[in-house]
Q: 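I am attaching a structure below and will ask some questions about it afterwards.
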Amino acid sequence: MIHHVSVGTNDLRRARLFYDSLMALIGFRVLKSSERSVHYGASDIVFSLETPVNGEPASAGNGVHIAFQAPDRETVRRFHTAAMANGGSDEGAPGVRENYNANYYGAFVRDPDGNKIEAVTYTARESFGL
């Protein structure tokens, strides 16, 4: 079981502006923050943005991505829209990815530091009315 995931950033303020709205969409809030990091979760920290401890520049890993579970397809679309509006770049518009599963509905983006993230749901439900 994974306890938490952290990604590096070279501009914490910019990264937080990008992630705050995305995390709210999936039910996470800021649990702890400092000048060097911000930590999101619901009750425990599960996702963090951090400036590298070693002082070197942060860089995105090739082939690495983090998928966040969304409750419905509308949340996946809102996640993608919010990411684009806050400095992200498109890596795959919202839609069914039949090569993964007939019910796999996801959207892929890169954050301002180049980290690849995704919102995904397996439900065919368009919206839970949130």
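This one's a predicted model, so the numbers in the text were calculated from it and none came from an experiment.
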Q: Given 3.5 Å as the limit, does a donor-acceptor pair link the side chain of Arg73 with the main chain of Thr121, or not?
A: no
Q: What is the distance from atom NE2 of His80 to atom OG1 of Thr75, rounded to the nearest 0.5 Å?
A: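 Going from the NE2 atom of His80 to the OG1 atom of Thr75 covers 14.5 Å.
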Q: CG of Asn10 to OG1 of Thr51: how many Å apart, nearest 0.5 Å?
A: 9.0 Å
Q: Does atom CD of Gln69 have more than 12 heavy-atom neighbours from other groups under 6.0 Å away?
A: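 At most 12 heavy atoms, drawn from other residues, nucleotides or ligands, come within 6.0 Å of this atom.
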Q: Would a hydrophobic clustering, with Ile, Leu, Val, Met, Phe, Trp and Tyr connected at side-chain separations under 4.5 Å, put Met23 with Ile45?
A: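 Each belongs to a different hydrophobic cluster.
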Q: If you group Ile, Leu, Val, Met, Phe, Trp and Tyr by side-chain heavy-atom gaps below 4.5 Å, do Leu25 and Ile66 land in one group?
A: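 Yes, one cluster joins them.
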Q: Could you tell me which non-hydrogen atom of Gly87 sits nearest to which non-hydrogen atom of Pro112, and how far apart they are?
A: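 Heavy atoms only, the tightest pair is O-CG, 3.8 Å.
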Q: Show your reasoning for whether side-chain contact (heavy atoms from CB on, under 4.5 Å) applies to His4 and Phe47.
A: CA-CA 6 Å; His4 70 276; Phe47 181 73; over 6 Å; no
Q: Over all heavy atoms of both residues, which pair between Leu22 and Ala83 is shortest? Give the atoms and the distance, please.
A: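 Distance-wise, the nearest heavy atoms are CD2-N, 3.6 Å.
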Q: Run Asp90 and Met84 through side-chain contact (heavy atoms from CB on, under 4.5 Å) and show every step you take.
A: CA-CA 7 Å; Asp90 184 27; Met84 296 299 95; 4.0 Å; yes
Q: If you define the side chain from C-beta out and look only at heavy atoms, does anything of Tyr40 sit under 4.5 Å from Val46?
A: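 A side-chain contact under 4.5 Å is absent here.
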Q: Once you round to the nearest 0.5 Å, how far does CG of Asn103 lie from CZ of Arg125?
A: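 If we round to the nearest 0.5 Å, Asn103:CG and Arg125:CZ are 13.5 Å apart.
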Q: After noting the C-alpha distance and the side-chain angles of Phe28 and Tyr19, does the key distance pass the ring pair (Phe, Tyr, Trp, His ring centres under 6.0 Å) rule?
A: CA-CA 10 Å; Phe28 289 173; Tyr19 278 100; over 10 Å; no
Q: Return the minimal non-hydrogen interatomic distance between Ala42 and Gly27, and the atom names on each side.
A: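 Answer, listing the atom of Ala42 first, then Gly27: CB-O, 4.0 Å.
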Q: Which of these passes side chain to side chain contact (heavy atoms under 4.5 Å, CB included) with Phe18: Asp11, Asn115, Asp113, Asp111?
A: Asp111
Q: Is a side-chain donor or acceptor of Ser37 paired with a backbone partner of Ser33 at a separation under 3.5 angstrom?
A: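 Checking the backbone N and O of Ser33 against the side chain of Ser37, no donor-acceptor pair under 3.5 Å is found.
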Q: Taking C-beta and beyond as the side chain, do Arg77 and Glu126 meet within less than 4.5 Å on heavy atoms?
A: yes
Q: Are Leu12 and Val5 connected into the same hydrophobic cluster when the rule is that any two of I, L, V, M, F, W, Y join if their side-chain heavy atoms are below 4.5 Å apart?
A: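 Same cluster: Val5 reaches Leu12 through Ile, Leu, Val, Met, Phe, Trp or Tyr contacts under 4.5 Å.
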Q: Between Asn99 and Tyr104, is the side-chain hydrogen bond (donor to acceptor under 3.5 Å, both in side chains) condition met? List the steps.
A: CA-CA 9 Å; Asn99 54 319; Tyr104 194 107; over 6 Å; no
Q: How far does CZ of Arg14 sit from CG of Leu49, to the nearest 0.5 angstrom?
A: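 Between atom CZ of Arg14 and atom CG of Leu49 there are 11.0 Å.
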Q: Going only through I, L, V, M, F, W and Y residues with side-chain contacts under 4.5 Å, is there a path from Val30 to Phe79?
A: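 Shared cluster, yes.
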Q: With a 4.5 Å cut-off on side-chain heavy-atom distances among I, L, V, M, F, W and Y, is there a chain of contacts connecting Ile26 to Val76?
A: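 No; tracing contacts between hydrophobic side chains, which count when under 4.5 Å, never links both residues.
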Q: Would you say Asn62 has more than 12 foreign heavy atoms packed within less than 6.0 Å of its CG?
A: no
Q: When rounded to the nearest 0.5 angstrom, what is the spacing between NE2 in His39 and OG in Ser34?
A: 6.0 Å
Q: Taking the side chain as everything from C-beta on, heavy atoms only, tell me whether Tyr105 gets closer than 4.5 Å to Pro94.
A: yes
Q: If you look at every heavy atom in Ala82 and Ser21, which pair is closest and at what distance?
A: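 Taking every non-hydrogen atom into account, CB-OG, 3.9 Å.
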Q: Taking Arg97 first and then Glu118, would you say they form a salt bridge - that is, a charged N and a carboxylate O separated by under 4.0 Å?
A: no
Q: Working to the nearest 0.5 angstrom, can you tell me the gap between Phe108 CZ and Glu91 CD?
A: 9.5 Å
